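A short worksheet on the structure shown next.
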Amino acid sequence: MKLLSLYFMLAFMGLLMAVIIDLLSGETLTTSMRTIYDSFAATSIQESITMLVFISLPFVNTITSSIRNRSNKSIK
């Protein structure tokens with residue numbers, strides 16, 4: 001769970017940094033949010049699949065470690 005929360009915190013901080021840089025360069029908040037939306041909306045199918053794979057990796061890691069811990073407890 002720690003890894004999953006760290007993953008989301010880093011993703012949030014990355015998006016927040018992009019917004020803050022846009023604000024410091026003189027854009028409005030609406031324009032900055034629209035820029036982030038447009039960058040995700042303009043992705044191809046291959047890029048979308050790659051993003052989904054990398055987004056799912058922390059969940060897979062958390063689930064597999066949870067299953068391993070349960071199986072190790074049941075063996076002992």
Side-chain angles (χ1 to χ4, degrees):
M1 275 320 255
K2 290 179 189 178
L3 182 64
L4 193 59
S5 62
L6 180 66
Y7 181 79
F8 282 116
M9 185 175 62
L10 286 173
F12 175 74
M13 288 172 59
L15 289 174
L16 183 65
M17 186 176 69
V19 170
I20 289 173
I21 289 171
D22 284 344
L23 291 174
L24 288 174
S25 67
E27 294 184 14
T28 64
L29 181 61
T30 308
T31 306
S32 177
M33 297 302 276
R34 183 70 178 172
T35 303
I36 291 173
Y37 172 76
D38 288 341
S39 67
F40 285 111
T43 59
S44 67
I45 286 291
Q46 294 87 357
E47 293 169 337
S48 297
I49 291 170
T50 304
M51 284 191 291
L52 285 174
V53 166
F54 282 109
I55 287 171
S56 68
L57 285 177
F59 293 106
V60 171
N61 189 15
T62 303
I63 291 169
T64 56
S65 68
S66 155
I67 291 171
R68 277 191 210 134
N69 287 340
R70 286 185 193 161
S71 68
N72 286 341
K73 287 180 183 177
S74 65
I75 292 174
K76 290 181 181 182

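Because the structure is predicted, anything quoted here is derived from the model rather than measured. These values consider heavy atoms only, across backbone and side chains, with no hydrogens, waters or symmetry-generated copies.
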Transitive ILVMFWY cluster of Ile21 at side-chain heavy atoms under 4.5 Å: who else is in it?
-> Met17
When Ile, Leu, Val, Met, Phe, Trp and Tyr are grouped by side-chain heavy atoms lying under 4.5 Å apart, directly or through other members, which residues fall in the same group as Leu15?
->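 Once heavy-atom contacts under 4.5 Å are chained together, Leu15 belongs with Val19, Leu23, Leu29, Met33, Ile36, Phe40, Met51.
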Nearest heavy-atom pair of [X] and [Y]: which atoms, and what distance?
| X | Y | value |
| --- | --- | --- |
| Ser65 | Thr62 | OG-O, 3.0 Å |
| Ser32 | Ala18 | OG-O, 4.3 Å |
| Phe59 | Phe8 | CZ-CZ, 3.5 Å |

Distance-only, no hydrogens or angles: does the Thr35 side chain make a donor-acceptor pair with backbone N or O of Thr31 under 3.5 Å?
-> yes
Out of curiosity, does Ile55 fall in the hydrophobic cluster containing Phe12 (side-chain heavy atoms, cut-off under 4.5 Å, transitive links)?
->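 Each belongs to a different hydrophobic cluster.
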Above 12 or not: heavy atoms from other molecules or residues under 6.0 Å from CD1 of Ile45?
-> no
dist Leu6:CG -> Met9:CE (nearest 0.5 Å) comes out at 5.0 Å
Inter-residue atom distance Ile20.CD1 - Met13.CE, 0.5 Å rounding | 9.5 Å
Would you say the side chain of Asn61 lies within less than 4.5 Å of the side chain of Leu57, judging by non-hydrogen atoms?
->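 Of all side-chain heavy-atom pairs linking Asn61 with Leu57, none is under 4.5 Å.
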